[in-house]
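Read through the structure below, which is laid out as structure tokens, and then see the notes.
For the numbers below, each heavy atom of this structure counts, side chains included, while hydrogens, waters and symmetry mates do not. Treat the numbers as computed from the prediction; the structure is a model and nothing was measured.
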Amino acid sequence: MEWHACLDEYEKLVIRMTTPRVVIDNAVCPTATLVKVDSARRHGILLDAVQVLTDLNLSIKKAYVSSDGQWFMDVFHVTDLNGNKLTDESVISYIEQSLETTDPDRSHGFDGLTALELTGTDRVGLLSEVFAVLADLQCNVVDAKVWTHNGRIASLIYVKDCNSGSPLEDSQQIHRIEARLRNLLKGDNDIRSAKTSVSMAVTHTERRLHQMMFADRDYERKPVLQHKVDSPMVTVQNWAERGYSVVNVQCKDRTKLLFDVVCTLTDMQYVVFHATINTAVDKAYLEFYIRHTDGSPISSEPERHRVIQCLQAAVERRASEGVRLELHTSDRQGLLADVTRTFRENGLNVTRAEISTTSDMALNVFYVTDAMGNVADPKIIEDVREKIGLGKLKVNQEKAEREEQAVGVGGAVLLSLGSIVRRNLYNLGLIKSYS
């Protein structure tokens, strides 16, 4: 570690104490790479570590978390998506640098874009109407994520002006966008809870989606459509002798599960002091010893019930419901409006969507069901593919099923590990291209 000339010995000591120490070990475990993180304890430190690993497409097979006084230690057993240990030195180096940073809120490649945050009542065709409004108002959608849960929708959409290619700066245009989208979201009976906002702030998209749905209190609502989701089993008990609340989560394993649970506990202002994470076949078992940030355990039955509800919602929001459709085609103005209108006209409901563009190519993923939340008719899916283009819109049910299998409680499947590392190095300005 290089020191600035003006730092005194005390300042150097403080930096040493507050900077996480990371060790990556391939010798101890025959089936996984161990990632060990030691650091001074602070609120959110566990989430920062899990976020780095899941953003890099790593599967977390096991994890152990322990704190002693003001010190914190995490041990993660990780593999790549193929179940292999990590051997690429550039990947290992990037993980070490990312985990050792004291500034976890880095840009995720959305500089120069305007963020639109939307929450409201979900309904068939709503996404089509949202994208139609944005196209009409000369907004080009560069990236977006859409989640639905219990009849609610939350979306974070990154846009730029179609004409200038710049962020939205005209206050009158921003006001028109907010007003029209709010009218769509509130519908006939959602005047109070429908929300839209425009921001230039850069945030972690999926953490922000959890925060938006939590603020919308989706966990208190009953599902409108008949989705077939295996509800996670969540229990909360107090260990009075040690002053902890013990949270157990058992559910079907899937990608980014650990991130979703830890994100929710952190944003509910709970601190994880100890934890054990295990996966077996297609099941995940997570146990957390927590206290509130004021040092107290869960103290009432309503609070306990709320924690159970919120963790169940956190697990369910990202559940892969429906047929996975992948759109890969040249990007153009109005593309999303046209594609989602075709879905709506054929009675398909979008339960989750991930929109991205790379080098003028659209790489979009949609999960669709019929209007009642049941599995969509294969004939309708084929009709939709013919209208959009058989070579452009493909069904990838195998990939959807693989997302839900035992890939560990972290990770993602849209990009390879190497490509994500190259993208992040590009965003940090360390390489000129990641294509």
Side-chain angles (χ1 to χ4, degrees), residues 1-2 15-42 45-102 104 253-259 261-262 272-289 402 405-413 415-425 428 430-431:
M1 180 179 291
E2 296 183 1
I15 292 174
R16 286 194 190 99
M17 292 179 62
T18 56
T19 301
R21 292 195 288 272
V22 179
V23 176
I24 298 181
D25 190 340
N26 266 320
V28 174
C29 179
T31 59
T33 299
L34 267 62
V35 179
K36 306 174 185 178
V37 184
D38 295 329
S39 64
R41 197 181 71 209
R42 63 172 172 80
I45 184 69
L46 175 60
L47 177 59
D48 291 342
V50 172
Q51 180 176 306
V52 166
L53 297 176
T54 54
D55 283 351
L56 287 175
N57 259 7
L58 300 180
S59 293
I60 303 174
K61 301 297 185 181
K62 295 181 181 179
Y64 305 96
V65 176
S66 182
S67 61
D68 182 9
Q70 294 302 309
W71 204 250
F72 200 69
M73 182 179 73
D74 307 332
V75 179
F76 302 96
H77 292 234
V78 304
T79 68
D80 64 18
L81 291 178
N82 296 319
N84 301 317
K85 299 168 74 169
L86 310 183
T87 57
D88 189 323
E89 288 299 326
S90 65
V91 171
I92 291 174
S93 177
Y94 181 81
I95 293 172
E96 290 174 337
Q97 293 177 29
S98 298
L99 290 172
E100 287 174 351
T101 182
T102 56
D253 193 18
R254 63 158 175 77
T255 61
K256 296 196 176 182
L257 176 61
L258 181 58
F259 170 83
V261 174
V262 173
V272 176
F273 286 83
H274 306 279
T276 302
I277 314 299
N278 275 298
T279 60
V281 191
D282 64 344
K283 296 293 183 182
Y285 306 89
L286 302 83
E287 183 174 65
F288 303 91
Y289 292 77
R402 191 165 66 246
Q405 292 173 352
V407 295
V409 291
V413 296
L415 297 170
S416 69
L417 177 59
S419 66
I420 286 189
V421 172
R422 290 193 296 273
R423 182 193 65 186
N424 290 337
L425 291 172
L428 292 172
L430 301 178
I431 60 175

Identified side chain to side chain donor-acceptor pair (under 3.5 Å) partner of Ser93 from the options Gln97, Glu89, Glu96: Gln97
- request: To the nearest 0.5 Å, tell me how far Leu99 CG sits from Leu53 CG.
  value: 5.5 Å
- prompt: Side chains of Leu286 and Leu257: does their closest heavy-atom pair fall under 4.5 Å?
  reply: yes
query: Can you tell me how far OG of Ser59 sits from CG of Leu258, rounded to the nearest 0.5 angstrom?
result: 11.5 Å
- request: Identify the heavy atoms of Val272 and Phe72 that sit nearest to each other, and give their distance.
  value: O-CE1, 3.3 Å
- request: Could you pull out the closest heavy-atom pair between Ser66 and His274, with the gap in Å?
  value: OG-ND1, 3.4 Å
task: Measure the CD1-OG1 distance between Ile60 and Thr54 for me, rounded to the nearest 0.5 Å.
output: 6.5 Å
field: Distance (rounded to the nearest 0.5 Å) between Glu287 CD and Ile277 CD1
entry: 9.0 Å
Stepwise side chain to side chain contact (heavy atoms under 4.5 Å, CB included) test for Phe76 and Val50: CA-CA 9 Å; Phe76 302 96; Val50 172; 4.0 Å; yes
field: Nearest-0.5 Å distance, CE of residue Met73 to OH of residue Tyr64
entry: 11.5 Å
query: CG of Asp55 to OG of Ser98: how many Å apart, nearest 0.5 Å?
result: 9.5 Å
- prompt: Do the side chain of Asp80 and the main chain of Asn82 share a donor and acceptor less than 3.5 angstrom apart?
  reply: yes
field: Heavy-atom check, side chain of Val65 versus side chain of Tyr289, under 4.5 Å
entry: no
- prompt: So, for Tyr285 and Ala280, which heavy atoms are closest and what is the spacing to 0.1 Å?
  reply: CE1-CB, 4.3 Å
message: How close do Leu86 and Thr79 get, counting heavy atoms only, and between which atoms?
response: CD2-C, 4.1 Å
field: Heavy-atom closest contact (Cys29 atom, Leu34 atom, distance)
entry: CB-CD1, 3.5 Å
- request: Would you check if Phe259 and Leu47 make a side-chain contact, meaning some heavy-atom pair closer than 4.5 Å?
  value: yes
Where Pro20 and Glu100 come nearest, the two heavy atoms and their spacing: O-CG, 3.4 Å
query: Are side-chain heavy atoms of Leu58 and Ile95 found at a separation under 4.5 Å?
result: yes
Sidechain-backbone polar pair: Thr33 side chain, Asn26 backbone, donor-acceptor under 3.5 Å: no
